[in-house]
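What follows is a set of notes on a single structure, which appears directly below.
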Amino acid sequence: MPYLLTIWVAKLAGRVSQLFGRGEGATLPGYLAEDMRPQLLAELGHQIGGDIILITGTNGKTTTTKMVREVLEASGQRVLNNQDGSNLARGVLSTLIAATDWRSRIGLASAVLEVDEAALPAVATALRPRLIVVLNLFRDQLDRYGELDTTAELIGQAIKRSRADVLLNADDPLVASLARYTDKRARIRYFGVEAEYDGGLMHDHTADSTHDPLTGEPLQYQRVYFGHLGHYKTRSGRLKRPRPDVAVAEIKRLSAQGSKSIVKVGKQNLELKLTLPGLYNLYNALAAVAVSACLELDSQLTLDVLSITQPAFGRVETLDYRGRRLQLLLIKNPTGFNQVIQTFLLRNQQPVAFLINDNFADGRDVSWLWDAAIEDLPAKGQYWVGGLRAADMALRLKYADRPLQGRTDASLRQLLDEMVASTRPSELIYIVPTYTAMLELRRFVGAGRSRVVA
Amino acid sequence: MKYSLNIVHLYPGEMNIYGDRGNVTALVKRLEWRGIAAKVTEVGIGDSYDLSKADIIFAGGGQDKGQIAVGRDLKKRTKSLREAAESGAVMLVICGSYQLFGKYFQPQQGSRIEGIGLFAASTTATPIRMIGNVVIKTAQGELVGFENHSGQTTLEPGQAPLGQTIRGNGNNGQTGDEGAVYQNVFGTYLHGSLLPKNPVFTDNLLTLALKRKYPDFDGLRPLDDELENQAASVAKKRPQ
C-alpha cells in the first residue's frame with residue numbers, strides 16, 4: 001500500500017480505537033501498518049534527522065530510556081520515544097507513525113527507543129541506529145525466550161546487521177561479550193561499577209550467567225554487585241571484564257531513598273545524586289550518563305537532569321487507596337525481585353503484598369520465585385499474597401518460614417481492604433506485583449479513587 | 001534417636017536458572033519440620049567430595065551451553081555415582097542434569113556431550129522448544145510441574161519412565177512418557193520447582209533415604225500439606 005495511504009489509515013485506526021477507550025490503541029497503528037507496508041519502519045527511520053538510540057536488556061529499559069530522553073530534551077532536542085507504547089516492533093512503528101506531521105513526514109528529531117530483546121533484530125535492521133545500548137541480561141520469562149544465550153544471540157545479530165556503535169554493561173559477562181558482534185568500524189564503549197559495595201544479599205542465587213558464552217569455561221568473580229554483575233574473568237584469561245569508559249568510582253550513600261555516588265566520565269569525577277532507589281537504578285543512571293558521553297553532551301547537565309528524574313510508569317509509583325499509600329515495586333524476574341528486597345524490604349516494618357500472576361506477559365512459569373531471596377525478608381514482617389498464583393507465593397513464604405497474613409484466594413479488593421483494616425491511615429503499604437497484576441491494580445485503584453471515603 | 005541426612009547439591013552455580021534450588025529447600029524444610037537435621041553440601045565443577053557419603057544427591061537444570069563443562073566434570077564422577085545408585089542412594093536430577101544422567105546429549109550445534117549412562121536414554125536437541133504446564137501420572141500419584149526444554153529424550157526399551165503425561169510433552173512429545181527411574185534415581189524435566197507442590201513425592205524420597213540409612217526408621221510423621229495441595233491444584237488448572 002502506498003506510503004501516504006498507509007500512514008493515514010494507521011493514524012485513523014489509532015484515533016478510532018482511542019475513542020473507544022481500547023488500550024491497544026497504542027500499538028494498533030503499527031500492527032496494521034506492518035502488514036500494509038512492511039518497509040514503512042525503515043522509511044520512517046530514514047527521516048529521523050537526529051540520533052537514533054535503541055535501548056535493550058532485561059531490566060531497566062523503561063527507566064533508562066526515560067532518563068536519556070529527559071537528558072536530550074534538556075539539551076534542546078525534540079525526542080521521539082515509545083514511553084507510553086510497547087517495545088515491540090509494532091510499538092516502535094506506532095510511535096514513529098504518531099510522530100509524523102500533516103504531510104506524513106517526521107521533522108527534525110532524535111529517537112530514544114526502548115526495544116524488547118527479541119524485537120531488536122528487526123527494529124535495528126530497519127532503523128540503522130547510531131547506538132545500541134545493552135543494559136543487562138538476566139533470566140526473565142524463560143518460557144518466552146527459551147534460553148538466555150539465545151536472547152544474547154538475537155541481540156548480537158541486531159548489532160551485527162545494523163553495524164551500530166554499542167554501549168555495553170562491562171559488569172555483565174554475557175553483555176560484555178556481545179562486543180564480538182560489532183562491525184569493524186563501530187565504536188564499542190562500556191559502563192560499569194568500580195566502587196566497593198558490600199550491601200549484597202545473603203541468599204542471592206540469581207547469577208544467571210556463570211560461564212564464558214563461547215567456550216563454556218566457568219567464570220571466577222573477584223567482586224559481585226548483584227546477580228552475576230561484578231568483576232569476573234575465566235581462569236584461562238580468555239574472557240575478562242573490560243575496563244569501563246564511564247564508571248561509578250565511589251558509592252557514598254545507597255538506599256530506598258536514593259543514592260549519592262561519584263561518577264568518572266573521561267577525566268572528570270562528578271557527583272551523581274539520584275532520588276530513584278537502589279543499586280539497580282544507579283546502573284540505569286550510569287548507562288544514561290554513558291549514553292550522554294557517547295553523544296558528547298554536557299556531563300554536568302546530564303547529572304543535573306538525572307538528579308530530578310522521577311520513576312517510570314509502574315515502577316516505584318505511589319498510589320492512593322482509601323487513605324493508604326500503596327508503593328508499587330514491579331518485579332519481573334528473580335534478579336529484579338532480589339533488588340526490590342535488597343532496596344526496600346530488608347529492614348522494612350510495613351505490610352507487603354506479593355501479587356503474582358502467570359499470564360503471558362508475566363511469564364507462565366513461576367519457578368523463579370524459588371530463586372528469589374525470600375529468606376532475607378525480616379522474619380517478623382507482615383506478608384500478604386494475591387494474584388493468580390497466590391498459592392505458589394504463599395508456599396514460597398511457608399518454606400522460607402515467613403508468616404502469611406490473609407488467604408490465598410482473596411480477590412484484589414478483599415486483599416486491599418484487609419490490608420487497609422490492618423494499617424493506620426497514611427501508612428505505607430508495599431505492593432510487589434508482576435506486570436499484569438500491576439496493570440490490574442492500577443486500573444482498580446484508579447477506579448477506586450473516585451469512590452474514596454476520606 | 002537423632003536422625004540426619006547428607007544432601008549433596010551438585011553444580012548449584014552452573015545448573016541454576018530454573019528455580020530448581022527450591023527442591024533442596026523443600027527437602028531441607030520438610031526434614032527440619034520433623035526435627036531431622038539436614039546437612040547440605042554444594043559440590044561444583046572441580047570440587048572433590050566423597051559421594052558415598054551422600055544420602056540424597058540433587059542436580060538442577062541449566063543452559064545448554066553450560067552443560068559442556070558440567071558434562072565433563074560429571075563424567076569424572078561416573079564410577080562413584082554408579083556405585084551410589086547401586087547402593088540405593090536417592091537422587092533427583094532435573095532437565096539438563098537428567099539429560100547428562102543418560103547416555104549422551106546431542107546439542108543443535110557442536111559435538112555430542114557424553115552422559116554417565118545411569119539411565120538407558122539419550123537426548124537430542126531440536127529447534128522445537130517444549131514449554132508449558134505439565135501433569136504426569138506416576139506410581140506415587142500425580143506430579144505437577146513446568147517443562148522448558150529443546151531436548152527430546154528417548155528411553156530405550158526396558159528403561160522405566162517416571163510417569164505418563166496427562167498434560168504436556170514429557171520426554172519427547174510423542175511417546176507419552178516423562179522422566180526416567182533407575183533404583184532410587186529419579187530424572188525428570190519438571191521444574192516448578194517440582195518438590196514444593198508435590199509433597200507426597202518429596203516425603204517418599206526422604207523416606208527412602210532415611211530407611212536406607214536407618215533400617216529401623218518407622219516413617220515420617222505427616223505434615224499439614226493443605227497449602228502445597230492448593231498450589232498444585234491451581235497449577236493443574238492453568239493454561240498450557
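Each chain gets a letter, A, B and so on, in the order the sequences are listed, and its residues count up from 1.
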Contacting region of B:Ala235 [heavy-atom separation from chain A under 4.5 Å]
both

In this structure, are over 12 heavy atoms from other groups packed under 6.0 Å from A:Gln222 atom CD?
yes

For chain B, which candidate among A:Thr215, A:Asp401, A:Asp212, A:Leu388 shows the most heavy-atom pairs at distances under 4.5 Å?
A:Asp401

A:Trp368/B:His191 under side-chain contact (heavy atoms from CB on, under 4.5 Å): CA gap, chis, key distance, verdict
CA-CA 10 Å; A:Trp368 59 278; B:His191 304 292; over 6 Å; no

Quick one: do A:Arg364 and B:Gln240 satisfy side-chain contact (heavy atoms from CB on, under 4.5 Å)? Show the steps, please.
CA-CA 9 Å; A:Arg364 285 219 169 283; B:Gln240 201 64 33; over 6 Å; no

Region of A:Pro334 that comes under 4.5 Å of a non-hydrogen atom in chain B:
neither

Quick check for you: to the nearest 0.5 Å, what is the distance between A:Asp409 atom CG and B:Gln230 atom CD?
6.0 Å

Residues, nucleotides or ligands: over 12 heavy atoms within 6.0 Å of B:Lys75 NZ
yes

To the closest 0.5 Å, what do you measure between CG (B:Asn23) and CH2 (A:Trp370)?
9.0 Å

Hey, mind stepping through B:Thr25 and A:Glu375 against side-chain contact (heavy atoms from CB on, under 4.5 Å) and telling me if it holds?
CA-CA 11 Å; B:Thr25 306; A:Glu375 286 79 3; 4.2 Å; yes

Which atoms of A:Leu369 come close to chain B, meaning under 4.5 Å heavy atom to heavy atom: side chain ones, backbone ones, both, or neither?
neither

State, with a plain yes or no, whether a side-chain heavy atom of A:Arg389 is found less than 4.5 Å away from one of B:Arg238.
yes

At what distance, to the nearest 0.5 angstrom, does CD of B:Glu228 lie from CG of A:Leu395?
5.0 Å

Should the heavy atoms of other residues, nucleotides or ligands under 6.0 Å from OH of B:Tyr3 be counted, would the total exceed 12?
yes

To the closest 0.5 Å, what do you measure between CG (B:Asn133) and CG (A:Asp365)?
8.0 Å

Top residue by heavy-atom pair count (under 4.5 Å) with chain B, among A:Leu214, A:Leu404, A:Thr408?
A:Thr408

Take B:Ile68 and A:His211 through the side-chain contact (heavy atoms from CB on, under 4.5 Å) test and state the conclusion after the steps.
CA-CA 10 Å; B:Ile68 301 170; A:His211 52 270; over 6 Å; no

If you count heavy-atom pairs under 4.5 Å between each of B:Pro239, B:Ser150, B:Ala69, B:Gly145 and chain A, which one has the most?
B:Pro239

Could you tell me which portion of B:Leu227 (side chain, backbone, both or neither) has an atom closer than 4.5 angstrom to a non-hydrogen atom of chain A?
both

Decide whether B:Arg30 and A:Tyr399 meet the rule of one side-chain donor and one side-chain acceptor closer than 3.5 Å.
yes

Treating A:Ser367 as the side-chain partner and B:Gly19 as the backbone partner, does any N or O pair qualify as donor plus acceptor under 3.5 Å?
no

